[in-house]
2 protein chains.
Amino acid sequence: MPPLDTAAERDKSDASGAPCAHCDMGEQAFCHGLSPEDVRRLVAILGTAGVVAGTTIFREGDPALNLYSISAGAVKLYKLLSDGRRQITAFLFPGDYFGLSLQGGYAYTAEAMADTSLCRFPRRKLDLLLDEIPKLEKRLLGATIHELTCAQDQMLLLGRKTAREKVASFLAGLWQRLCAKAGTSQIFLPMSRSDIADYLGLTIETVSRTLTSFKKEGLVSLPDASHVVIRDRETLVRIAEGG
Amino acid sequence: MPPLDTAAERDKSDASGAPCAHCDMGEQAFCHGLSPEDVRRLVAILGTAGVVAGTTIFREGDPALNLYSISAGAVKLYKLLSDGRRQITAFLFPGDYFGLSLQGGYAYTAEAMADTSLCRFPRRKLDLLLDEIPKLEKRLLGATIHELTCAQDQMLLLGRKTAREKVASFLAGLWQRLCAKAGTSQIFLPMSRSDIADYLGLTIETVSRTLTSFKKEGLVSLPDASHVVIRDRETLVRIAEGG
DNA sequence: CGTATTATTGACCACTCTCAAAAAACGTGG
DNA sequence: CCACGTTTTTTGAGAGTGGTCAATAATACG
């Protein structure tokens with residue numbers, strides 16, 4: 001199956017006619033803060049797509065035709081070595097963008113971890129819009145700077161943290177992004193142990209052992225393989241920071 | 001000694017009066033492709049500074065007041081854990097920028113590895129100019145995307161490459177940046193073994209041992225601690241890519 | 001030239017990986 | 001709904017890459 005990237009677009013807006021009615025992202029939305037007129041222009045160029053878990057959205061090296069934003073679901077980005085070793089560079093969730101690239105080719109592969117809804121912005125049309133809507137360009141720059149900051153944190157993790165610190169960082173970070181607002185302590189993990197390992201620069205065995213160890217220490221509960229309940233976040237954060 | 005970041009600015013232009021006459025960066029320059037009028041406006045807000053090797057330009061967490069571009073010298077960016085473990089996230093050379101940050105604080109510490117000449121753009125004034133010179137904002141976005149791409153490559157290196165592959169990647173990458181154009185095979189290393197180790201997620205002993213091993217295999221020569229001569233770049237690149 | 005710093009080399013060890021097997025979870029069809 | 005096969009996760013034993021500690025060598029600097 002070819003990647004989604006080159007597939008035909010779906011409808012450009014909901015039947016309701018309300019632009020972005022399908023997307024209640026609030027201030028995380030791509031279009032947040034734009035005038036209704038600018039939103040209309042943005043909606044005019046975007047296409048929406050729903051993809052099932054496991055779909056490859058595009059591959060590293062493919063011509064970078066589109067910028068994507070996630071309205072529901074979860075996506076992982078990764079790079080491969082020739083012998084199959086894999087590094088996942090980011091787990092993305094609603095409100096996140098991906099697909100920005102210089103010189104033509106995507107720098108990584110993007111794959112849906114769960115059933116996912118996407119907004120697709122054709123790069124060619126978006127570039128024209130960016131000239132007309134400076135606010136949009138500012139937003140894109142801000143998002144990219146944020147991504148870069150996250151990448152630098154991840155470099156610190158990959159280069160200098162122990163397995164325990166890596167897993168603790170991962171759980172604390174995921175809680176912060178997915179649960180902090182909602183106030184719950186149970187994290188749903190849309191990714192497999194293999195994904196977590198390839199994100200943290202570990203093996204699945206080490207990830208599993210470390211989680212079991214955290215459970216035995218009373219820091220977390222593991223109701224099933226795809227749920228983690230944070231029992232002692234303070235200690236977890238202390239471990240994450242090397243304390 | 002306080003970081004340079006808050007120090008008073010030097011002269012805004014050379015005595016010659018020619019804007020950016022001190023900076024023959026060609027197409028790598030921040031101002032490349034701008035109209036003379038735009039260059040003038042840019043020069044009007046920048047300050048230049050020369051710093052000696054070892055100078056801390058700013059620290060992680062300091063209020064992010066400035067954006068810097070390097071016109072000569074070399075700079076390293078790094079993040080620290082509370083117990084002193086360090087990850088160098090980038091080595092920067094003439095033409096590179098640093099200091100971009102969201103929400104107020106710098107995300108990393110910046111330190112000159114060699115005597116270095118900098119252009120300093122006060123963030124407040126630069127933000128105003130960005131609104132007026134869209135080309136400049138595009139350039140900044142492009143540079144940030146490039147940084148992000150480099151960061152993703154480095155994540156793959158840190159998470160999934162062996163010590164040999166890491167050191168080979170480092171040498172091949174540095175050659176590409178510093179020597180490819182000039183056509184020389186000798187790389188000057190402005191950074192210490194400790195810096196290289198903290199960039200690659202290794203110890204100085206492993207870096208040293210790996211370099212010695214490359215020397216014994218005839219891949220490089222090591223005339224002195226701060227010079228590497230690439231003798232077999234093809235093999236080095238093959239090792240770097242895990243082949 | 002002497003001292004301090006940095007780099008190299010060596011011996012040993014531990015954290016994490018590899019290989020292997022058991023257990024659990026999942027999906028499918030009867 | 002349950003039996004079956006497949007996949008994923010967990011657990012165990014052993015090994016290896018790279019780290020730690022220590023000593024020596026080389027270099028930089030006053």
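Since the structure is predicted, the reported quantities are computational estimates derived from the model, not experimental observations. Residue numbers begin at 1 in each chain, while the letters A, B, ... track the order of the sequences.
Distance A:L158 CG to C:dT16 C1': 15 Å, rounded to the nearest Å. In this structure, CD1 of B:I196 is placed 14 Å from P of C:dT6, rounded to the nearest angstrom. Atom-to-atom, CZ of A:R193 to P of D:dT7 comes out at 19 Å; the value is rounded to the nearest Å. Regarding B:F214, its CZ atom lies at a distance of 16 Å from the C1' atom of C:dT8, rounded to whole Å. Rounded to an integer number of Å, the gap from CG of B:D224 to P of C:dT5 is 21 Å. Protein atom CD of B:E205 is 12 Å distant from nucleotide atom P of D:dA22, rounded to whole Å. One can place CD1 of A:I204 at 14 Å from P of D:dT7, the figure rounded to the nearest angstrom. Rounded to an integer number of Å, the gap from NE2 of B:H227 to P of D:dA28 is 10 Å.
In this structure, A:T212 reaches the sugar-phosphate backbone alone: every heavy-atom distance under 4.0 Å involves primed, P, OP1 or OP2 atoms, never a base. Here A:L202 lies in heavy-atom contact (under 4.0 Å) with sugar-phosphate atoms only.
The pair B:D195-B:R86 meets the salt-bridge criterion, since a charged nitrogen lies less than 4.0 angstrom from a carboxylate oxygen.
Remark on DNA chain C: of its neighbouring residues B:S208 and A:R209, the 5'-side contact belongs to B:S208, judged by nearest-heavy-atom nucleotide.
Within the 4.5 Å cutoff, the side chain of B:I239 has no heavy atoms near those of the B:V167 side chain.
Panel note: side chain A:W175, backbone A:T184; a donor-acceptor pair is recorded below 3.5 Å.
Close to C:dT16, at under 4.0 Å from its OP1 or OP2, lies no side-chain N or O of A:T203.
Between A:S213 and A:E217, the side chains place a donor N or O and an acceptor N or O closer than 3.5 Å (distance only, hydrogens not considered).
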